[in-house]
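First the proteins, then the strands, lettered A, B, ... as listed; each starts at 1.
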Amino acid sequence: MSYEILMAAIPIVWDGLWLTLVITLSAFVLGQVVALPLAMAADARSRFVSAPARAYIFFVRGSPMLVQLFIIYYGLGSLEAVRDSIFWPILKEPLGCAILAVGLNSAAYMGALLRGAISQVPDGQGEAARTLGLSPWQTLTRVTLPQAYRYVLPVLGNEITLVMKASSLASAVTVVEMTGAARALVARTYAPFEVFTVAGALYLMLALGFAALFRAIERKTAIPGLSGNDA
Amino acid sequence: MRASNAIKVTNLEKSYGPLKVIDDISLSVAQGEKVVLCGPSGSGKSTLIRCIAGLETRSRGDIDVAGHALSLDCKNIGAFSGDVGMVFQHFNLFPHLSALENLMLAPRLVRGLGKAQARARALELLERVHIADRADHYPGQLSGGQQQRVAIARALCMQPKVMLFDEPTSALDPEMVGEVLEVMEDLASEGMTMIVVTHELGFARKVADRVVFLDGGKILEENTPSAFFEHPVHARTRAFLNKIDHA
């Protein structure tokens, strides 16, 4: 192992950090935005709403993300209807496809999780809200979700780390994020051990950052007097 | 003419398949009247009060509460907008909000009160249930009796025309029952229309204008408290009262 190569690799792999962050944060936000309606749809009374949502969760969680990424990037691009559609500007870009694949994947996992969290909020909460005159929307946003999101918060920190790790798949469709940058450097230096170790360490650093961030949010939103989150 | 009915239930029926949990009940409660519902478990008293609150759909029958005709599917419960206050056995306070915020939420969202106004009203009501010193505590930091008093104040914040209590003291430790009943007695003496499902016969004697005894989804007997307790007509009522008194 060469110490010089290790040090030289840091700034080069670091250059990919920005794109890794872009993919991670965009995909995480996309996942969150899609997860909530997905969770609600999966529990909808109408089968026409719940069946597609449950099918989506099942298929996405049951197949490899890399395959999904290839379907989106290579598969969709081969269809003329897609090339003519308004989504083409996003779908022709490998970065857009990577964000889409990772984000929609995260949405399926988060949707299943949120669904469980929402069902954990006792029925009495909604009943109290209704008798006080709150509309269904107000009950959802002011009573149910604030409690459900507190249940899933510990898992959210974990989820963003999973999304970060999944973002490395983008390198398979030519995006030069950290893993992509590392691979390019390995091709030039033939020093995979040093270069990938640097990449791994940088990912680890990011993960620690996310963990600290979510721990802080958890502390900040802890409900006083409830067991398990007393400081 | 007699004061108009605050609550009027006509030929109410609710069944789960072949099982009739409410079997043709009619009940009118006048403005300012206090009615205690009692009966053995499974007699339908909780279901009845939950139907009146709009929390439970029914098979047939009419329900008019506080000037609102409740539809069969209860979809128009939004029109109640807090006119019908409900107090639950398990309090159902919002655990992520402080006592004060629990009280302020609905007046602000539903009645459109400003923050200062909602706060003033909330503090006044917390004062009335003797818990103003705990305004910034969260439900998890309060005892059961304190939580139930906050829950009563939360319902009162919407200035309800009618208050419904579904076994408000059943989940409490014995030493906390008194403080909740005291608040309910105060409320009764101020002229609130109330239906109370309870086994607290002392409260019924003291506060109720009328005691209604349910059994098997029907009203078996109703009378003034003194007549009800001294001269119960039905054998089932006598058996029930004996059991409760010796409990």
Can you list the steps and then say if A:Leu132 with B:Phe94 is a side chain to side chain contact (heavy atoms under 4.5 Å, CB included)?
CA-CA 12 Å; A:Leu132 286 166; B:Phe94 306 131; 4.1 Å; yes
Does the pair B:Leu97 and A:Ile223 meet the rule for a side chain to side chain contact (heavy atoms under 4.5 Å, CB included), with working shown?
CA-CA 8 Å; B:Leu97 301 178; A:Ile223 302 170; over 6 Å; no
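Using a 4.5 Å heavy-atom cut-off against chain B, no residue of residues 155-167 of chain A qualifies as contacting. Residues of residues 106-113 of chain A never come closer than 4.5 Å to chain B when only heavy atoms are counted.
A:Met40 CE: 12 or fewer foreign heavy atoms inside a 6.0 Å radius. Within a 6.0 Å sphere centred on CG of A:Leu79, other residues, nucleotides and ligands contribute more than 12 heavy atoms.
Only the side chain of B:Phe88 comes within contact range of chain A, with heavy atoms under 4.5 Å apart. Only the backbone of B:Leu93 has a heavy atom closer than 4.5 Å to any heavy atom of chain A.
Judged as a ring-ring contact (aromatic ring centres under 6.0 Å, His included), not a single pair has a partner in residues 16-59 of chain A (not counting sequence neighbours).
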All inter-chain donor-acceptor pairs under 3.5 Å (chain A, chain B):
residue  : atom : partner  : partner atom : Å
A:Gly124 : O    : B:Asn92  : ND2          : 3.1
A:Gln125 : NE2  : B:Leu93  : O            : 2.8
A:Glu127 : OE1  : B:Arg50  : NH1          : 2.9
A:Glu127 : OE2  : B:Arg50  : NH1          : 3.4
A:Glu127 : OE2  : B:Arg50  : NH2          : 2.7
A:Gln138 : NE2  : B:Leu109 : O            : 3.4
A:Arg142 : O    : B:His96  : NE2          : 2.9

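The choice from B:Gly82, B:Pro95, B:Gly54, B:Gly78 that makes the most heavy-atom pairs within less than 4.5 Å of chain A is B:Pro95.
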